[in-house]
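Counting convention: from 1, in listed order, for ligands and their atoms alike. Hydrogens, waters and symmetry mates are skipped; everything else that's a heavy atom, side chains included, is used. Residues take their numbers from the sequence shown, with the count starting at 1.
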Amino acid sequence: MTFGVLPAHKDRRVRPSLTCVLGPPGAGKTTFTTRAAASLGGSVFRIRHAFQNHQHVLTDDLRKTSDELGWLDDRAVEQVLRVTFEQGQFATGPYPVLLDNFPGTVDQLRLLHRLTTRHSIPLRVLELTTDDARLADRVWRRRVCPGCEPDRHAPADVRAGAEPTCGRCGGPVIVRESDRPEVNRLRLRRYQSNCRQIGSAARAWGLPYRQVDATPPPDEVYREAIRAFDWNGAEPVAFSAT
Ligand SMILES: Nc1ncnc2c1ncn2[C@@H]1O[C@H](COP(=O)(O)OP(=O)(O)O)[C@@H](O)[C@H]1O
């Protein structure tokens, strides 16, 4: 099986796949995708990074957006997906691919479905859920470290104190721009208005769709999520570079 010019995973039991990881802000998507990609030997896809990396494929009108959350038009999404996956420019590592917080709409799921069907790549959806109070608390507490993660996405491992610091580099941590209450409210509202449609479409198109309770600690969430899918028809194996 080929998928653009991307290499197949060295371990034949781990086959190419795309797993959409969805959930409201604070559910733990980035925590899960980062961890799963590391232990499965895969990579994480983020639409924002893909846009940044492939600006050149977009015409000027498609680079602009007036959307309140900065989402680009689906024509831009389609072009970026094509160049990322079909033209093999997804150079962040071998499969499986975990799509962090993507798709955001049913039309975007349709784009992915078409793309993966064309290339016989399994596509499935994992939704992480927890209660509203916990979501609010996690978003409220989340900090990022501009030193360790200049793009300010992945949550920092915060060392508590009068002035909380990054557990990794000891530097100052800050609140993520998108966690400001007014932006977070918008993100949550958009998620809530789109997630049911995405779920219904996934089921109608025969895509595996699993919900996992993201309330327990990350290790447990990870185990449950891995259990929720027959991960490529094989027990997931820890990735070894050898
Ligand atoms: N299972 C979990 N239990 C407790 N805290 C978690 C869990 N998963 C994530 N977190 C913390 O909650 C915050 C949000 O997690 P994150 O992965 O950034 O969520 P999302 O990507 O869904 O917005 C982060 O500070 C993270 O460290």
Side-chain angles (χ1 to χ4, degrees), residues 18-40 42-51 69-71 92 97-105 108 124-161 163-195 198-199 209-228:
L18 297 194
T19 303
C20 307
V21 181
L22 307 182
K29 300 177 295 295
T30 299
T31 303
F32 171 74
T33 52
T34 306
R35 168 160 191 177
S39 57
L40 297 170
S43 45
V44 179
F45 170 84
R46 292 201 179 94
I47 191 72
R48 196 160 52 85
H49 292 177
F51 279 137
L69 287 175
W71 288 20
T92 52
V97 179
L98 287 300
L99 297 96
D100 184 353
N101 202 24
F102 187 86
T105 65
Q108 293 175 353
R124 62 276 185 100
V125 183
L126 168 68
E127 186 187 353
L128 300 178
T129 60
T130 187
D131 57 275
D132 292 350
R134 202 171 302 260
L135 289 175
D137 183 64
R138 286 182 184 172
V139 169
W140 166 254
R141 287 175 195 280
R142 174 162 50 196
R143 296 290 182 276
V144 291
C145 173
C148 294
E149 179 81 21
D151 92 333
R152 300 180 187 179
H153 191 88
D157 178 13
V158 176
R159 196 187 295 145
E163 286 291 324
T165 52
C166 171
R168 202 156 123 206
C169 74
V173 289
I174 57 172
V175 174
R176 208 164 84 171
E177 179 61 18
S178 55
D179 285 345
R180 285 189 298 115
E182 60 277 24
V183 184
N184 183 55
R185 256 195 306 277
L186 281 176
R187 296 175 71 216
L188 182 59
R189 210 177 305 140
R190 184 162 302 178
Y191 177 75
Q192 287 165 339
S193 71
N194 291 346
C195 73
I198 293 176
Y209 189 98
R210 305 278 184 277
Q211 282 182 319
V212 164
D213 179 14
T215 308
D219 279 357
E220 220 172 294
V221 174
Y222 172 75
R223 276 195 300 273
E224 265 317 300
I226 291 294
R227 245 199 303 268

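- Contact atoms of ligand 1 toward Gly28: 8 (N), 9 (C), 15 (O), 16 (P), 17 (O), 19 (O), 20 (P), 22 (O) (distance under 4.0 Å to a heavy atom of the residue).
- Here's the thing with Arg176: none of its N/O atoms is less than 3.5 angstrom from an N/O atom of ligand 1.
- Between Arg185 and Glu182 there is no salt bridge, since none of the side-chain N atoms of the basic residue sits less than 4.0 Å from a carboxylate O of the acidic one.
- Nearest approach of Arg138 to Thr215, heavy atoms of both residues: NH2-O, 3.4 Å.
- In this model, a donor atom of one side chain and an acceptor atom of the other lie less than 3.5 Å apart for Thr30 and Asp100.
- Contacts between Val221 and ligand 1 below 4.0 angstrom, taking non-hydrogen atoms only, involve the side chain exclusively.
- Within the 4.0 Å heavy-atom cutoff, Ala154 does not count among the residues contacting ligand 1.
- For ligand 1, the atoms sitting less than 4.0 Å from at least one non-hydrogen atom of Pro218 are 1 (N), 2 (C), 3 (N), 7 (C), numbered in the order shown with element in parentheses.
- Residues Phe45 and Leu18 fail the side-chain proximity criterion, which asks for heavy atoms closer than 4.5 Å.
- Of the listed options Arg35, Arg138, Arg134, Arg138 places a heavy atom closest to atom 13 (C) of ligand 1.
- Ser178 contributes atom OG, which lies 6.0 Å from atom CZ of Arg142 (distance to the nearest 0.5 angstrom).
- Taking 4.0 Å as the cut-off between side-chain N and carboxylate O, Asp179 and Arg143 do not count as a salt-bridged pair.
- Side chain of Asn194 to main chain of Gly104: a donor-acceptor pair is present (N/O by atom type, distance under 3.5 Å, no hydrogens or angles).
- The shortest N or O to N or O distance between Phe32 and ligand 1 is not under 3.5 Å.
- Residue contact check: Ala214 has heavy atoms under 4.0 Å from atoms 1 (N) of ligand 1.
- Counting protein heavy atoms only, atom 18 (O) of ligand 1 is closest to Arg142 NH1, 2.5 Å.
- The contact set between ligand 1 and Pro24, taken as ligand atoms under 4.0 Å from a residue heavy atom, comprises 22 (O).
- If you take OH on Tyr209 and CG on Leu22, they are separated by 6.0 Å, rounding to the nearest 0.5 Å.
- Only the side chain of Pro155 comes within contact range of ligand 1, with a heavy atom under 4.0 Å; no backbone atom does.
- When side chains are defined from C-beta on, Ile47 does not count as touching Gln108, because their heavy atoms never get closer than 4.5 Å.
- Remark: ligand 1 and Thr31 share an N or O pair separated by less than 3.5 Å (distance only, no angle test).
- With hydrogens and angles ignored, the 3.5 Å screen pairs a side-chain donor or acceptor of Lys29 with a backbone N or O of Pro24.
- Here Pro216 has backbone heavy atoms under 4.0 Å from ligand 1, and that is the only part of it that gets that close.
- Gly26 counts as a contact of ligand 1, since one of its heavy atoms falls under 4.0 Å from the ligand.
- Checking only distances, Thr215 never comes within under 3.5 Å of ligand 1, N or O to N or O.
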